[in-house]
J.: 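Handing you a structure now.
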Number of protein chains: 2
Amino acid sequence: MARTYNDQTEQNGAKTLSDQAYLQLRSDIIHGALQPDEKLRIEHLRGEYGVGASPLREALSRLTADGFVTAEGQRGFRVAPMSEEDLADITRLRILLEKQALSQSIEHGDDAWESRIVATFYQLEKVEESEERDPAEWELRNHDFHEALIAGCTSKWLRRFYGILYDQHKRYRNIALSTEIPRDLHQEHEELRNAALARDTKRACDAIEQHIMRTAEITLKVLREEAHKEQEIA
Amino acid sequence: MARTYNDQTEQNGAKTLSDQAYLQLRSDIIHGALQPDEKLRIEHLRGEYGVGASPLREALSRLTADGFVTAEGQRGFRVAPMSEEDLADITRLRILLEKQALSQSIEHGDDAWESRIVATFYQLEKVEESEERDPAEWELRNHDFHEALIAGCTSKWLRRFYGILYDQHKRYRNIALSTEIPRDLHQEHEELRNAALARDTKRACDAIEQHIMRTAEITLKVLREEAHKEQEIA
DNA sequence: TGCAAGTTTTTTATCGATATTTTTTGTAAA
DNA sequence: TTTACAAAAAATATCGATAAAAAACTTGCA
């Protein structure tokens, strides 16, 4: 017995190999380690992720439902492609959903909700005003802050869909972040925080729309520049 | 060789056994053949659906991502539970998304879009005014009509999420429909059709909101009556 | 009777092997 | 050179078997 069947080496919250593979693949797609449109060959992935074919196929099936992977008939899996239209689509819908979630949140939020916003904003502020501006750290803090804002939203389905769109957006943003563009998003975050704490729904919704739009625009710009550079090389 | 590996007996668009299992399970959950919260034992399902464990697990994984099935650690799969809160949640979000899809559709719809609305409305009208009022037939025509209304919407993500919510809603409605409550939804459909063809976004959105709310209310009422009856028996 | 520890049974998660389909490669004719 | 076809290679989808975990069932003891 060389090795126990399920050695508890999983650091994250993955209870099964299937979950582990799902989370890793998801992360690798979001962070660009797996390129858009890349073929995902089971036999190859087996080696990379150290799991068998069955858990891999399960993970890929789930990712297909999440829209991170495409599957075709008897022709296997691919990483979902990326496009300008897709980014625009995701952006528009994310704005709609985040506005809705934020409105509900402002309506139902209690003291704990307020505290969490203040706390996560503070942490985000620290990263945004620091010298190094570590993109990974920023992503984390940014996510925490946005999560705190909509924490008062009680709709399970809204949260589910929002989560998917946030991560889809993150995939696009990551590609842009890798080239690292510092920006003045801080004011927008501040306005967002203040509007939420003031329970001003209209103002908060405007702020979030503005904020997401701006982020998407920057991402789009970098995306185009990269596409341009690639063309020049070829 | 008793039987070829993949005999082309699939009537629907399922290219693999996995797809087949997915579609059948989905349908059985939506139509109530599989009860809410029911345990889904792989070994048992194997016999029912005539496929092996692997395609079944893949199908269940996808259904988990769709929210029709819940999965827990090493404790297998269950049909997703149903509750009044869940219905309310689905209803609210469906209204938001269908309004959005309808608006985009009205904006971009062309002649073909108009024709399809007229055609599907006509078919729906026939069922609604007929004597027998076959619920299955009505479901089909109702779906076609709603699909036609938002056919002009170009957002892939909006359509994806809307599709999920529509089917989730359908699951609740089916439970109510089995007891068969005839109603006067016809006027609402007519108003919806006219507003869409008149390209009156505001009016169409009001109509769709009204319509979905009413449907949900009726469903909720039947749901409560059924729950009440069950309590009396016990 | 109640209940706790150990044992059996059931069920789940996974792997390796196999049949099937798709893709690639090779070859000969137009 | 291109096209068409056939054979080989690769990859996919699936099944049966197996190890591990959870649930059900004893059985001994207060």
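Labels below follow one simple rule: chain letters A, B, ... track the order of the sequence lines, proteins then strands, and each chain is numbered from 1.
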J.: Looking only at atom types and distance, does a side-chain atom of B/His108 sit under 3.5 Å from a main-chain N or O of B/Gln104, one as donor and one as acceptor?
T.: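 It does hold such a pair.
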J.: What are the two closest heavy atoms between A/Leu102 and A/Leu149, and how far apart are they?
T.: CD1-O, 3.9 Å
J.: Between atom CZ in B/Arg78 and atom P in C/dT11, what is the gap in whole Å?
T.: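 Rounded to whole Å, this separation is 13 Å.
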J.: Among the candidates D/dC15, C/dT22, D/dA22, find the nucleotide nearest to the side-chain atoms of B/Pro55.
T.: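 The answer is D/dC15, which lies nearest to the side chain.
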J.: Quick check on D/dA13: is either OP1 or OP2 less than 4.0 Å from any side-chain nitrogen or oxygen of A/Arg57?
T.: yes
J.: Looking only at side-chain atoms of B/Ile42, point me to the closest of C/dT21, D/dT14, C/dT12.
T.: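 Given the options C/dT21, D/dT14, C/dT12, the side chain of B/Ile42 is closest to C/dT12.
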J.: In whole angstrom, give the distance that lies between atom CZ of A/Arg41 and atom P of D/dA9.
T.: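 The answer, rounded to whole Å, is 18 Å.
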J.: Is the shortest side-chain N to carboxylate O distance from B/Asp19 to B/Arg62 below 4.0 Å?
T.: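 Yes, B/Asp19 and B/Arg62 are salt-bridged.
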J.: Please determine, for the side chain of A/Leu17, which listed nucleotide (D/dT14, C/dT14, D/dA13) has the closest atom?
T.: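 Among the listed nucleotides, the one closest to the side chain of A/Leu17 is C/dT14.
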J.: What is the distance, to the nearest angstrom, from the CZ atom on B/Arg46 to the P atom on C/dT11?
T.: 13 Å
J.: Is a donor on one side and an acceptor on the other found under 3.5 Å between the side chain of A/Asp89 and the backbone of B/Lys156?
T.: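 It does hold such a pair.
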J.: Return the nearest nucleotide to the side chain of A/Ser54; candidates are C/dT21, C/dC15, D/dA22.
T.: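 The listed nucleotide nearest to A/Ser54's side chain is C/dC15.
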J.: Could you state the CG-C1' distance from A/Leu56 to D/dT12, rounded to the nearest angstrom?
T.: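 The answer, rounded to whole Å, is 13 Å.
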J.: Is the distance from OP1 or OP2 of D/dT12 to the nearest side-chain N or O of A/Lys39 less than 4.0 Å?
T.: yes
J.: Using a cut-off of strictly less than 4.0 Å, decide whether B/Arg75 has a side-chain nitrogen or oxygen near OP1 or OP2 of D/dA23.
T.: yes
J.: In this structure, how many angstroms lie between the P atom of D/dT14 and the CG atom of B/Leu60, rounded?
T.: 14 Å
